[in-house]
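Report on one structure; see the data block that follows.
Fair warning: this is a prediction, and the values are worked out from it, not measured in the lab.
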Amino acid sequence: MTPLALHVLPHRGGGGEAYVDLMERITGFEHERVPLSSGRTPASAAVSLPLRWPAVAARARRASLVHAHGDMAAILALPLLRGRPSVWSTHGLHFLRRARGTRLGFARRGLRAAVAAAECTICTSEAERTELAEIAAPEHAGRLVLIYNGLEPSPVAGPEERAAARAGLGLAEDEVAVLYLGRLEERKDPLTAVAAAEAADGPVVLLLAGDGPLLSGAERRAGASVRVLGHRDDGPALLAASDVFVMPSEREGLSYAVLEAMAAGLAMVVSDGPGNPEAVGDAGVVVPFGDERALAAALSRLAGDPAERERLGAAGRARVLDRFTAEQMVRETAAVYEAVGAGDRG
């Protein structure tokens, strides 16, 4: 019988789905996904988790390996991590990083237990590994492994594809398109990108693509320098049409949106929140989180310097090809699966 790798996700439709798509390339396992909750909100989790738990636990008992995705999933799934060979992936440590007061104490205790329970904790950035090393028991620090997110880089758009994509968005030839592509929520701080585009010098046009609780606020700011596109399914076309990618978020794991934009050859401007600087390295511009003046200055500079945009774009794509490929990520995670299957505890 083929061993079963059970992927435990916090909820349906979460960001971990794309990650699991790649994990399913690991051969020698049957792969199955189980969400703990039917929705993203705490209310939906409170209702659906108790109802779903017996079936999830039953699947875990038949699994050869349990792989939890995200810090909240790891905490909720602690009995599953203890009951079978197991790993968990950090995916940004979003529960820990947004926790305050008593919730922070709960998060720290839960993650200390998760690191102890699982044979391996896969950190998607060095920043995450550093944070968890401060929480984990010293004897478990060796279980923290860095494996960067990876993707399959598509070819950079050619002139005809770029021209068609820009025409579809109504962009003039001299307009410098700055793309924000992601969920419109407080953590990602898209409204700072809006304010920066409004204040930038030169023909800067912000393309704000995504849905979320800040959509209505962004729509009220729409104008000549800000175009609010809402939810889009044509990410490759938006990347082809754009010159600069902006990610002003408070924190990330290792953002797939950032990696995809780097692979597409866009000049990168990101905040200094955890994860972003580690992704772009010296192949992008890093500004302080929440500093709309600094972000506006960076956009203004790049709008007036096409040669610098080209240099940064080429450097970003080279960086993805060097260290953020799906092949590397799958190979390194497969090695973890093999070690876990052998019962190798630190």
Mind listing the closest non-hydrogen atom pair of [X] and [Y] along with its distance?
| X | Y | value |
| --- | --- | --- |
| Arg232 | Asp234 | NH2-OD2, 2.7 Å |
| Leu181 | Gly235 | CD2-CA, 4.3 Å |
| Leu239 | Glu260 | CD1-O, 4.1 Å |
| Leu208 | Pro190 | CD1-CB, 4.1 Å |
| Leu238 | Ser242 | O-OG, 2.7 Å |
| Val320 | Pro153 | CG1-CG, 4.2 Å |

Are the side chains of [Y] and [X] in contact, using a 4.5 Å heavy-atom criterion?
| X | Y | value |
| --- | --- | --- |
| Arg61 | Arg84 | yes |
| Val258 | Met268 | yes |
| Val115 | Ile135 | no |
| Arg301 | Val285 | yes |
| Val178 | Leu207 | no |
| Leu96 | Leu111 | yes |
| Val246 | Leu206 | yes |
| Leu81 | Glu119 | no |

With a 3.5 Å distance limit and no angle check, can you tell me whether [X] reaches the backbone of [Y] through a side-chain donor-acceptor pair?
| X | Y | answer |
| --- | --- | --- |
| Gln328 | Asp322 | yes |
| Arg309 | Leu266 | no |
| Arg319 | Ala263 | no |

Check against side-chain contact (heavy atoms from CB on, under 4.5 Å), Thr121 and Val87: CA-CA 6 Å; Thr121 295; Val87 302; over 6 Å; no
Would a hydrophobic clustering, with Ile, Leu, Val, Met, Phe, Trp and Tyr connected at side-chain separations under 4.5 Å, put [X] with [Y]?
| X | Y | value |
| --- | --- | --- |
| Val156 | Leu302 | no |
| Leu321 | Tyr256 | no |
| Val244 | Phe289 | no |
| Phe106 | Leu93 | yes |

Residues Asn276, Ser255; criterion side-chain hydrogen bond (donor to acceptor under 3.5 Å, both in side chains); working and verdict: CA-CA 7 Å; Asn276 286 328; Ser255 166; 5.6 Å; no
Stepwise side-chain contact (heavy atoms from CB on, under 4.5 Å) check, Leu132 with Cys123: CA-CA 9 Å; Leu132 283 179; Cys123 303; 4.1 Å; yes
Tell me, please, which residues at least two apart from [X] pass salt bridge (charged side-chain N to carboxylate O under 4.0 Å, His left out).
| X | result |
| --- | --- |
| Glu310 | none |
| Glu308 | Arg311 |
| Glu198 | Arg221 |
| Glu292 | none |

Taking atom [atom1] of [X] as the centre, report whether more than 12 heavy atoms of other residues, nucleotides or ligands fall under 6.0 Å from it.
| X | atom1 | answer |
| --- | --- | --- |
| Glu186 | CD | no |
| Arg331 | CZ | yes |
| Arg183 | CZ | yes |
| Asp282 | CG | no |

Does a salt bridge link [X] with [Y], judged by any charged N lying under 4.0 Å from a carboxylate O?
| X | Y | value |
| --- | --- | --- |
| Glu17 | Arg33 | yes |
| Arg162 | Asp243 | yes |
| Asp71 | Arg98 | no |
| Lys188 | Glu250 | no |

Does a donor on one side chain sit under 3.5 Å from an acceptor on the other, for [X] and [Y]?
| X | Y | value |
| --- | --- | --- |
| Thr124 | Asn149 | no |
| Thr130 | Glu134 | no |
| Tyr19 | Ser89 | yes |

Results of side chain to side chain contact (heavy atoms under 4.5 Å, CB included) for Glu175 - residues two or more places apart only: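 For Glu175 the side chain to side chain contact (heavy atoms under 4.5 Å, CB included) partners, ignoring immediate neighbours, are Arg166, Leu171, Ala172, Val205, Arg227.
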Worked check of side-chain contact (heavy atoms from CB on, under 4.5 Å) between Phe324 and Met329: CA-CA 7 Å; Phe324 301 128; Met329 173 185 169; over 6 Å; no
Quick check for you: to the nearest 0.5 Å, what is the distance between [X] atom [atom1] and [Y] atom [atom2]?
| X | Y | atom1 | atom2 | answer |
| --- | --- | --- | --- | --- |
| Phe95 | Thr90 | CZ | OG1 | 15.5 Å |
| Ile122 | His91 | CD1 | NE2 | 8.5 Å |
| Leu151 | Thr325 | CG | OG1 | 8.5 Å |
| Phe245 | Leu312 | CZ | CG | 14.5 Å |
| Leu215 | Arg220 | CG | CZ | 10.0 Å |
| Trp53 | Ser37 | CH2 | OG | 13.0 Å |

From Arg323, Glu278, Glu126, residue fulfilling side-chain hydrogen bond (donor to acceptor under 3.5 Å, both in side chains) relative to Tyr148: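 Of all the options given, the one that passes is Glu278.
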Worked verdict on Arg97 versus Glu128 for side-chain contact (heavy atoms from CB on, under 4.5 Å): CA-CA 10 Å; Arg97 288 172 170 174; Glu128 293 168 349; 3.6 Å; yes
Glu219 and Ser216: CA distance, side-chain angles, deciding distance, side-chain hydrogen bond (donor to acceptor under 3.5 Å, both in side chains) verdict: CA-CA 5 Å; Glu219 288 175 332; Ser216 59; 5.9 Å; no
Review item, side-chain donor-acceptor pairs of residues 2-9, under 3.5 Å, at least two apart:
from, atom 1, to, atom 2, distance (Å)
His7, ND1, His69, NE2, 3.0
His7, NE2, His31, ND1, 3.0

